[in-house]
Amino acid sequence: MEKKGDIALIGLAVMGQNLILNMSDHGYTVVAFNRTLSKVDEFLQGAAKGRDTILGAHSLEEMIGLLKKPRKVMLMVKAGKAVDEFIELLLPHLEAGDLIIDGGNSHFPDTIRRTKYLADKGILYIGTGVSGGEEGARHGPSIMPGGNPAAWPLIKGIFQSIAAKTADGEPCCDWVGEDGAGHYVKMTHNGIEYGDMQLICEAYQLMRDGLGLTNQEMHSVFAEWNKGELDSYLIEITADILGYRDESGTHVVDLILDSAGQKGTGKWTGINSLELGVPVTLIAEAVYARCLSALKDERVTASKLLKGSQAVFQGDRQAFVEDIRKALLASKIVSYAQGFMLMREAAREYGWNLNYGGVALMWRGGCIIRSVFLGKIKQAYDRNPALSNLLLDDYFRGIIESCQPSWRRVVAKAVELGIPLPAFATALAFYDGYRCARLPANLLQAQRDYFGAHTYERVDRARGQHFHTNWTGTGGSVSASTYTV
Ligand code: 6PG
């Protein structure tokens with residue numbers, strides 16, 4: 001009898017190929033397909049050679065014919081148009097109860113739309129985040145599936161077996177929620193990834209330009225940090241990068257142009273945070289920092305014209321490096337607190353029932369932001385699943401308290417030295433704003449009421465009552481409507 005596949009995967013770029021090999025390692029039979037057919041043969045004769053659990057298909061019809069029912073087809077193609085195109089191409093070959101999975105970095109509104117579109121046709125749909133890059137896909141990614149809940153039992157076994165496992169053996173993959181929830185959580189993961197990377201880069205610039213440390217010294221600093229509370233994949237690769245030299249002995253990091261790229265997921269997080277009205281300031285700063293870095297030519301011109309500070313660092317460098325470590329840790333706590341605030345609001349807005357401890361567990365291993373720290377977040381939600389903000393958890397409150405003097409010293413020193421620390425500084429500003437019972441928004445409301453009769457609420461009256469003052473004596477007593485967006 002002809003061998004049948006458990007799942008088909010379309011898109012044989014590196015992530016797709018590695019996921020297939022990973023599934024094959026776990027005993028699943030996978031049908032491989034690619035729009036450019038030569039890639040199928042290259043794969044079969046290359047990385048997949050000798051594996052009877054990897055079958056090639058040279059048409060969608062052949063691919064579908066090679067699958068067990070209900071058929072499961074996973075797309076690992078570029079987010080956007082290509083996903084919609086493949087859905088349309090697949091539809092004539094599928095029957096009710098079959099499943100399409102999109103494993104790319106799709107924008108969550110697209111996943112909401114596609115889940116509904118396919119449900120109306122009786123086809124199950126999952127939009128899943130897959131994180132961990134090439135290495136993760138090959139040996140254990142973090143997988144964040146959402147979509148049609150009826151689809152989960154069909155794919156749970158495969159996904160949980162190929163996913164990364166925590167030290168306790170738990171898979172870094174679980175059902176996230178309805179329609180776009182999986183891609184939303186992946187988007188937030190990427191936003192947090194932007195924030196973590198920016199914090200590390202700011203620490204690097206402060207050590208390089210403020211303290212004059214060499215790459216080798218910074219390599220040792222990051223390697224040391226990776227042994228403690230900051231133990232994480234991104235700190236680990238930063239240590240590696242700073243220690244890496246080419247054949248001529250030059251540190252490659254010094255040869256790389258300081259102009260950052262981005263594919264959009266961080267920007268989506270920032271835009272969505274504005275739409276939902278959640279102050280996710282650190283991720284937004286991280287996106288803007290990439291934008292500023294991309295203005296390379298303008299910056300070079302400005303660097304010759306705009307004067308900065310003449311101050312030079314004086315003091316104990318080693319003690320200051322420890323201050324930077326603590327400032328990074330405190331800022332990172334704020335960033336994750338903001339990311340979880342965003343997911344909480346999104347769950348309310350889009351009708352998802354997110355399990356925040358479960359999200360932390362999925363990010364604990366396999367993905368780009370994997371860290372010891374995420375284990376602590378998981379514990380915080382285990383202690384209190386209804387925790388309204390990570391900053392209020394006893395463990396994180398304790399850390400912030402112990403890091404706070406360092407955090408303030410670092411931000412103040414960077415301002416004095418003229419070294420930009422947008423992410424560290426916004427984290428501290430958020431912290432000070434969040435813990436402030438009386439912000440200056442009373443004055444802001446007065447200004448709005450002064451020039452536009454926008455009205456205000458009063459501290460001595462119940463919420464929901466709106467007042468207007470005729471500030472100049474010449475304005476009328478008619479107020480504007482009081483809607484707020
Ligand atoms: C992951 C990453 C990945 C992302 C890249 C590039 O979780 O494996 O988040 O999905 O696409 O990191 O992102 P940028 O090009 O936007 O930096």
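Whatever order the structure lists them in is the order used to number ligands and atoms, beginning at 1.
For Arg370, no heavy-atom contact with ligand 1 is shorter than 4.0 Å.
Between the side chains of Asn105 and Lys263, not a single donor N or O lies within less than 3.5 Å of an accepting N or O. Judged by distance alone, the side chains of Thr111 and His183 do bring a donor and an acceptor atom under 3.5 Å apart. Side-chain contact annotation: His26 with Asn22, donor-acceptor N/O pair under 3.5 Å present. A donor-acceptor contact under 3.5 angstrom links the side chains of Tyr336 and Asp196, judged on distance only.
Given atom 7 (O) of ligand 1, the protein heavy atom at minimum distance is Ser131 OG, 2.4 Å. Shortest contact from atom 2 (C) of ligand 1 to any protein heavy atom: Glu193 OE1, 3.4 Å. For atom 11 (O) of ligand 1, the closest non-hydrogen atom on the protein side is Asn105 ND2, 3.2 Å. Protein heavy atom at the shortest distance from atom 16 (O) of ligand 1 is Tyr194 OH, 2.5 Å. Ranking the protein heavy atoms by distance from atom 15 (O) of ligand 1 puts Lys263 CG, 3.1 Å first.
Residue contact annotation: Met187 has no non-hydrogen atom under 4.0 Å from ligand 1. At a 4.0 Å cut-off, at least one heavy atom of His189 sits close enough to ligand 1 to count as contact. In this structure, Gly132 is part of the shell of residues with a heavy atom less than 4.0 angstrom from ligand 1.
No option in Lys68, Arg71, Lys72 other than Lys68 meets the salt bridge (charged side-chain N to carboxylate O under 4.0 Å, His left out) test with Asp6.
The 12-atom threshold is not exceeded at CD of Glu134, counting heavy atoms of other residues, nucleotides or ligands nearer than 6.0 Å. The environment of CG in Asn353 is sparse: at most 12 heavy-atom neighbours from other residues, nucleotides or ligands sit within 6.0 Å.
Inter-residue side-chain proximity for Ile143 and Met362 is flagged as unmet; no heavy-atom pair is nearer than 4.5 Å.
The atoms of ligand 1 that sit less than 4.0 Å from any heavy atom of Gly133 are 8 (O). The contact set between ligand 1 and Ile368, taken as ligand atoms under 4.0 Å from a residue heavy atom, comprises 1 (C), 2 (C), 7 (O), 8 (O). Less than 4.0 angstrom separates some heavy atom of Asn190 from each of these atoms of ligand 1: 4 (C), 7 (O), 9 (O), 10 (O).
Between Lys116 and Asp120, at least one side-chain N (NZ, or NE/NH1/NH2) sits under 4.0 Å from a carboxylate O, which counts as a salt bridge.
When the heavy-atom distances from atom 17 (O) of ligand 1 to Arg290, Glu134, Met197 are ranked, the shortest goes to Arg290.
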